[in-house]
Amino acid sequence: MLLVDSRNPQQTKSFTQALLEPSSPTGGLFSFQNVPNLDFQAYLHLDYTQLAQALFGVLSLDVAPAILQEALKRYEGFSDIAPLKHLSPTLYVQELLHGPTLAFKDMALQPFGILLSQLAQQRQEKYLILVATSGDTGPASLASFASLPNTYVICFYPASGTSLIQALQMQTMDAPNLKVFGIKGNFDDAQSTLKVLLKDTGFKAILQKQGFLLSVANSINIGRIVFQIIYHVWGYLELVRHHALHYGQPLNILVPSGNFGNALGAFYAKQMGLPIAKIGIVSNANNVLEEWIKTGVYDIRQRSLLKTYAPAMDILKSSNVERLLYALLGSQRTLECMQALEQEQIYTLQPQELQILQKHFESFSCDDESCLKSILETYQKYGYLVDPHTATALHAYQQLQTDLPCVVVSTASWSKFAQTTLLGLQGVASTDDRQALEILATQGITPPQRVKELLNRPKIHTEVLETASVASQIQVWLEKH
Ligand SMILES: *Cc1c(COP(=O)(O)O)cnc(C)c1O
């Protein structure tokens, strides 16, 4: 299947082209145009890898089977792939946190790195991937690309804006094709510095002279989204296999959302015929998405970004909403809405458009106080410890007005956010994650082995840059490669 620019249907790319070069001159995102309708029942007997291969097949994505197989082998390094935990008669939690960096970003980024590297080798090209991270994308990108041929990753994180564990996951990464910089400022500063560079033709020309092409590994890359369809399908099929559902019975899904990539994967699965009743979008106090789905108004005029306990959801311009607009309303309307958002910071859906949106989605939000409460209540009720992002979705579950079974998507291990976890469980403030982990350990709450090891690993990357020196530091590093 050819992918289409969400703002201009004349602009198409194959999947591999869009993966290597995700940007479009219109500013749009390469998207699926019409996904096939499937009877997923036929996939009940497949294991995770076979399911992924089958979905790549029916979507007619131009990836050679041998390369895909190589990419999917990455799941062998997970302690589990996407298991479901049964918490109450109608509540399941799907854990997407068993990859190397303990967040759901691994689900897509692990195989994605192999795909990109293999394609780059075939074409004898070298790719530079610039990553700005608020905490989870950085570690997952570095872990994916470490030592992969023909790929180089430079990662920027806000120097005082991530959890200790997230910072260590980046600072201790040791591979010749990886570089990590702290940025003086917040995530927005890191992100906008990169956005400016990615648009700078002079900068691109210099890179090209040095033999590098630019790509990105964030969720505007459709190569990430495709891997995020699979686990939603897997989750449903698991429930059928375990006789929790008959095939065809509807299911609700709740997704803690930021850039809407995870939820978009669920939406594509629904469009392909997976019996999902509603996809519940959960926001934190930055509840633009909640408001949009309830009222049809996407309005960021009066908003400034709030820092919350669920930082991966601290987003105002949620990038993958654009792909949803395209799928529901077509390219003309997508262009209008996105231009209005860029120019006026607001757009409004027509009543019939809002109806279409609400056929698929409902929305919730959870402020910091409710998030802490949800961590505690989930632990007390089910003996189950969740991270703050997952806690927002469990808070939303309490408000669901339905008896349908529900899958809450769990996006990270609590151990990446130990300070908030401790605060939620016991109301105890700690100086940093290390101390919080120590206090929790005295009570028998211990983190996964990967986190314990991290605390003693030497830091390789310790530089912190002013935003103004980012471009020159990139060049200095590239000259050595
Ligand atoms: C990235 C992330 C999210 C948000 O996912 P989107 O696909 O951007 O909506 C939620 N929780 C955690 C822990 C994350 O890392």
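Order of appearance sets the numbers: ligands from 1, and atoms from 1 within every ligand. Bear in mind the structure is a predicted one, so any value in this text is a computation, not a measurement.
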Counting non-hydrogen protein atoms only, what is the nearest one to atom 5 (O) of ligand 1? Give residue, atom name and distance. Phe104 CE2, 3.4 Å
min-distance protein heavy atom vs atom 4 (C) of ligand 1 -> Gly258 N, 3.6 Å
Examine Phe417 against ligand 1 and note whether any of their N/O atoms are separated by less than 3.5 Å. no
Is a side-chain N or O of Gln33 found less than 3.5 angstrom from the main chain of Leu2, in a donor-acceptor match? yes
By the salt bridge (charged side-chain N to carboxylate O under 4.0 Å, His left out) test, which pairs, at least two apart or in different chains, include something from residues 275-300? Glu290-Lys294, Glu291-Arg303, Asp299-Arg301
Numbered atoms and elements of ligand 1 in range of Asp136, under 4.0 angstrom, heavy atoms: 12 (C), 13 (C), 14 (C), 15 (O)
Side-chain donor-acceptor contact under 3.5 Å, Gln11 with Ser24: no
Check: Asn286/Asp314 side-chain N/O donor and acceptor closer than 3.5 Å: yes
Pairs of nitrogen or oxygen atoms closer than 3.5 Å, one from Asn259 and one from ligand 1: do any exist? yes
Heavy-atom contacts with Gly261 under 4.0 Å: which atoms of ligand 1 show up? List them by number with element. 6 (P), 7 (O), 9 (O)
Looking at Phe364 versus His395, is the centre-to-centre ring distance below 6.0 Å? no
Under 3.5 Å, is there a donor on one side chain and an acceptor on the other for Asn284 and Asp368? no
Is the side chain of His232 donor-acceptor paired with the backbone N or O of Gly265 at a distance under 3.5 Å, no angle test? no
With sequence neighbours left out, write down each residue that passes salt bridge (charged side-chain N to carboxylate O under 4.0 Å, His left out) with Lys73, or none if nothing qualifies. Glu70
Is ligand 1 less than 4.0 angstrom away from at least one heavy atom of Ser257? yes
Is the closest heavy-atom distance from Pro256 to ligand 1 below 4.0 Å? yes
Would you say Lys105 has any N or O atom under 3.5 Å from an N or O of ligand 1, going by distance alone? yes
Check this for me - ligand 1, Phe260, N or O atoms closer than 3.5 angstrom, yes or no? yes
Under 3.5 Å, side chain of Ser144 to main-chain N/O of Leu109, donor-acceptor pair present? yes
Between ligand 1 and Asn262, is the shortest N or O to N or O distance under 3.5 Å? yes
Contact atoms of ligand 1, heavy-atom distance to Ala412 under 4.0 Å: 13 (C)
Atom 12 (C) of ligand 1 sits nearest the protein heavy atom Thr411 OG1, 3.4 Å
